[in-house]
Amino acid sequence: MRVAATVICLFLFATVRAQVETTPAPVENPIAEKYGQTITAEKLSKQLHIIAGPGMEGRETTTAGQERAAAYIAGQFAAAGLKPGANGQWQQYYPLYSDSLVNSSITVRNNTFLYGQDFLSDLRAGENQDINISQIIYADQGIVTGEYNDYHNLDVRGQVVMIREMVKRGAYRDKGNLDERVAAAKARGAVAILVISPSAGRYRSLNQQKIRMTGLYAQKDTTAHPNVYFITPTLAAAIIGVDSNDRLLEEIDKGLKVPSLIKTSVRIVFDKAATIFQPSNVLAYLEGTDKKEELVFVTAHYDHLGKQGDEIFYGADDDGSGTCAVLEIAAAFARAKQAGHGPRRSMVFMTVSGEEKGLLGSQYYTEHPIYPLQQTVTDLNIDMIGRIDPAHEKDTNYLYIIGDNKLSSALRPINERANNTYTHLKLDYKYNDPNDPEGFYYRSDHYMFAQHRIPIIFYFNGTHADYHAPTDTVDKINYDLLAKRAQLVFYTAWDIANREHRLVVDRHER
Ligand SMILES: [Zn+2]
């Protein structure tokens, strides 16, 4: 389970359809039950002590611990008799990037100004450049509207443009969107944009290490664009050639005349180094029989937060619990197949990485699917099913079900029937409410499948005091409950894989 995105969209005006509550009657299937019962607390415990043990070092994406976990998972799939699920390989590798600053400075005449002190630039968006110029274009606010144009009579092609971050009071204040103003300078062919920023003085108090390294990201931006540098008024004053003045902008407001063409001598250096990583999703395949072209996915993320210093974030519940559940569900299906009870539809058991970095592994899979998404019937995603949240301390026999009714009317009855027949958990739909502020529906890997209108269920125990803490450890897992919850996923998957009709996709709930 990833942390909440900073912005959670609330689609407040969508209608919520009234749902008719029905309780599907139990339908026993002795064969399914025989194999479901092979998913035991003992096996899950044994797996989890390895997956969430110190040897895996918290499984952070792109670390040795993550690679070790991937190799272990692949080995377990192989031992259970499954086939490699990624075009003959166990792992689907995907690129992630991270940039670090090598050197960046702005030198005005013989005066050198420093990155992180006198200016800042977006490390991820920036491109390496080293430019020497004898003039820059001052475009004041950089505003372009139908009736007003700061670039009137200015040709900025191949030039460095300087604008003010803040818009003057009064007229055109509503045209002050900085992104639009920067875009206007880019569109006119500037090679670099200097933005005079009144708040740039606080750069010195930023974590200097952090502003010299990006986080992991998935997409290289291939559109060429000029770098944007946010500079202090002092640096701006040096460029303009007036006395160093931290109140430059006020001075300009009061009438300090700045020519649009400034003769000066400026060298801008921006040099960063890119690192490419190759983390992976691990996929196992179990071929179906008469409906083998259709796929049933069972997923969990095997990555977690890694280490901070020497402290390991074990991620036993998040999502060691789901990873072990996928391993044991896969093994149970493989056992059934070996005894002549293989599923009609094919099964794909996928453990992804990159989840804690922003669902990057599942995003990559759904953008580069190994099996046609049109033939992918469902994704049953398991993320944190080994613990009890504070709301259920008195009545622990529960599981949150999220997303099951968003795209298919067939899925909830199947899951409820499996539960009523075999596992008898109290299914809690609290977090399925689209207005729930936690927004859990958007926060794990199933969401990437749902984006492609593939019906999903997200199985979840809720958060707890050890969520994303080094104390999320194997000793705190309730293994009997973990086994029962994993069995529910197994029975639901069994039904979906073997039923005559593919799940309908007939709903559009958010
Ligand atoms: Zn998490």
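Throughout, numbering of the chain's residues begins at 1 and tracks the sequence. None of these values were measured; they are calculated from a predicted model. Both counts, for ligands and for their atoms, begin at 1 and track the order of listing.
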Worksheet entry | Any side-chain donor near an acceptor of the partner, His304 and Asp472, under 3.5 Å |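 Side chains of His304 and Asp472: no pair found under 3.5 Å.
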Fill in: Nearest heavy atoms of Ile454 and Asp379, plus distance in Å
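Closest heavy-atom pair between Ile454 and Asp379: CG2-N, 4.0 Å.
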For the side chain of [X] and the backbone of [Y], is there at least one donor-acceptor N/O pair under 3.5 Å apart?
X: Glu57; Y: Gly306; value: no
X: Asn415; Y: Thr492; value: no
X: Lys34; Y: Ala336; value: no

Fill in: Member of Tyr285, Tyr365, Phe449 meeting the ring-ring contact (aromatic ring centres under 6.0 Å, His included) criterion with Tyr371
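So, applying the ring-ring contact (aromatic ring centres under 6.0 Å, His included) to Tyr371 and each of Tyr285, Tyr365, Phe449, only Tyr285 qualifies.
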Worksheet, complete the sentence: Note on the Zn ion (ligand 1): protein N/O/S atoms within less than 2.8 Å are Met1 O, Asp318 OD2, Glu356 OE1, Glu356 OE2, His468 NE2
